[in-house]
Q: 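What follows is a structure written as structure tokens; I'll ask about it next.
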2 protein chains.
Amino acid sequence: MRHCTLPNEGLLERMKARGLRLTGQRKILAELLETAEEHLDAESVYQLAKAKDETIHRATVYRTLNKLKKLGLVDELDLMHVSGERHFYEIRPSTLHIHLVCTTCKRVDEPDEAFWDDLKRRVENENGFRPEVVRVEMAGVCAACLRKRARRP
Amino acid sequence: MRHCTLPNEGLLERMKARGLRLTGQRKILAELLETAEEHLDAESVYQLAKAKDETIHRATVYRTLNKLKKLGLVDELDLMHVSGERHFYEIRPSTLHIHLVCTTCKRVDEPDEAFWDDLKRRVENENGFRPEVVRVEMAGVCAACLRKRARRP
DNA sequence: CTAACTGCAAACCTTTTGCATTGAC
DNA sequence: GTCAATGCAAAAGGTTTGCAGTTAG
């Protein structure tokens with residue numbers, strides 16, 4: 001299991017391939033999204049970007065995130081509102097997102113994708129629906145918090 | 001498979017059980033949420049409510065939806081942004097939500113929950129995570145649109 | 001060169017809040 | 001009667017847009 005660190009090489013390349021111009025601002029934003037250790041909302045992206053380039057503007061962040069979203073290079077998540085109303089952005093890792101959100105410590109983990117094929121096959125067979133992008137979000141209690149809870153009940 | 005019509009008796013009763021006062025406005029809102037044929041966003045809820053009671057105010061709709069959300073009686077969904085940025089509300093059917101969103105016709109279906117136990121058991125065994133609320137959203141092509149596509153390729 | 005992109009500021013839209021009043025229990 | 005809930009209006013918050021200047025390709 002990994003903790004939200006996708007070694008997702010080549011967002012910039014994929015942006016270029018889709019015809020986007022690789023401006024300085026976009027290079028910063030792409031790098032931020034690629035190396036993020038946690039899910040970022042628009043404001044966090046803006047703050048981190050501003051730390052690297054004082055002149056970057058909120059509007060640019062919004063415009064870029066929207067563009068990436070429309071191209072399907074980035075996805076917007078609410079993580080079941082466990083952390084309030086914020087919306088988070090992440091590079092689209094594949095066609096599958098699985099997020100385990102701990103309601104106790106707010107940590108988000110992304111488990112391995114072992115059951116993806118089962119899930120997809122079942123939906124295709126039983127419902128005639130052909131899944132293209134799948135999002136699975138579970139809110140619950142993570143292993144660490146379960147252990148803590150067991151120690152101090 | 002059903003089409004987003006949950007015979008979900010008793011939202012009002014559950015509200016009362018949680019200590020909420022059953023005002024005229026809340027009765028209208030509860031009925032709307034219970035009988036909705038499709039997922040409603042806040043503005044739609046407001047418009048439908050206004051049709052039944054001219055004096056009802058947006059603030060009341062927001063306050064009520066928030067209250068229901070915090071109590072876990074209602075959930076907020078983005079349905080993978082297939083229909084833009086709108087957020088939808090639905091009565092929490094159980095701890096499990098499965099939505100199949102067709103990217104072609106925008107229809108949302110909710111399949112039967114046969115694989116729920118598998119999914120939960122696997123996450124619990126493989127990741128030590130205890131799921132409490134599970135949301136599965138799939139964007140793809142529904143059976144009807146696949147058939148249409150097959151006829152006119 | 002030129003179309004795409006940016007910064008800026010204003011506009012926009014959705015949601016929240018303070019306050020006086022109303023109404024459920 | 002009391003406290004929660006409402007309507008109203010104003011504020012807040014987050015996001016988008018028009019425009020003029022800049023820059024990647």
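Just so we're on the same page: letters track the sequence lines, and every chain starts at 1.
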Q: A:Leu65 has an atom CG; how far is it from atom P of C:dC5, in whole Å?
A: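 For the pair A:Leu65 CG and C:dC5 P, the rounded distance is 14 Å.
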Q: Any side-chain N or O of A:Lys67 less than 4.0 Å from the OP1 or OP2 oxygen of C:dA4?
A: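 No, because none of the side-chain N or O atoms of A:Lys67 sits under 4.0 Å from OP1 or OP2 of C:dA4.
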Q: Rounded to whole Å, how long is the line connecting atom CD of A:Glu43 with atom C1' of D:dT15?
A: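 After rounding, the reported distance stands at 12 Å.
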Q: Rounded to whole angstrom units, what separation is found between the CD1 atom of A:Ile28 and the C1' atom of C:dT6?
A: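 Answer to the nearest Å: 13 Å.
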Q: Quick check for you: to the nearest 0.5 Å, what is the distance between B:Asn66 atom CG and B:Glu76 atom CD?
A: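 So the gap between those two atoms works out to 8.0 Å.
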Q: Decide whether A:Ile91 and A:Ile28 are clustered together by the hydrophobic rule: side chain heavy atoms of Ile, Leu, Val, Met, Phe, Trp, Tyr closer than 4.5 Å, transitively.
A: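 Yes, because A:Ile91 and A:Ile28 connect within a single hydrophobic cluster, where side-chain heavy atoms sit under 4.5 Å apart.
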Q: Could you give the CG-to-C1' distance, from A:Leu40 to D:dG14, as a whole number of Å?
A: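 Spelled out: CG on A:Leu40 to C1' on D:dG14 is 17 Å.
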Q: Rounded to whole angstrom units, what separation is found between the CG atom of B:Asp78 and the C1' atom of C:dT14?
A: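 B:Asp78 atom CG is separated from C:dT14 atom C1' by 16 Å.
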Q: Are the side chain of A:Asp109 and the backbone N or O of A:Pro111 linked by a donor-acceptor pair below 3.5 Å?
A: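 No; zero donor-acceptor contacts below 3.5 Å.
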Q: Which comes earlier along DNA chain C counting from the 5' end, the contact point of B:Glu76 or that of A:Val61, where each point is its nearest nucleotide?
A: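 The answer here is A:Val61.
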Q: Taking any heavy-atom pair under 4.0 Å as a contact, classify B:Gln25: base, sugar-phosphate, or nothing.
A: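 Here B:Gln25 touches the backbone only, sparing every base.
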Q: Starting at atom CZ of A:Arg86, determine the distance to atom C1' of D:dG13, rounded to an integer number of angstrom.
A: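 Checked: the CZ to C1' distance equals 14 Å.
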Q: When you check every protein heavy atom under 4.0 Å of nucleotides 16-25 of chain C, what one-letter string (B, S, -) results, 5' to 3'?
A: BBB----BBS
Q: Check the distance between D:dT16's P and A:His87's NE2 and give it to me in whole angstrom.
A: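 A:His87 atom NE2 is separated from D:dT16 atom P by 12 Å.
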Q: Rounded to whole angstrom units, what separation is found between the CD atom of A:Gln47 and the C1' atom of D:dG14?
A: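 To the nearest whole Å, that distance equals 14 Å.
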Q: What distance separates B:Lys148 NZ from B:Cys105 SG, expressed to the nearest 0.5 Å?
A: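 Between atom NZ of B:Lys148 and atom SG of B:Cys105 there are 6.5 Å.
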Q: Quick one: are B:Leu68 and B:Leu33 in side-chain contact, heavy atoms under 4.5 Å?
A: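 Yes, close enough: below the 4.5 Å cut-off.
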Q: Can you confirm whether the side chains of A:Glu85 and B:His87 place a donor and an acceptor under 3.5 Å from each other?
A: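 Looking only at side-chain atoms, B:His87 and A:Glu85 do not form any donor-acceptor pair under 3.5 Å.
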Q: One thing to verify: whether A:Glu43 and A:Arg58 come together as a salt bridge, which I'm taking to mean a side-chain N less than 4.0 angstrom from a carboxylate O.
A: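 So A:Arg58 pairs with A:Glu43 through a salt bridge.
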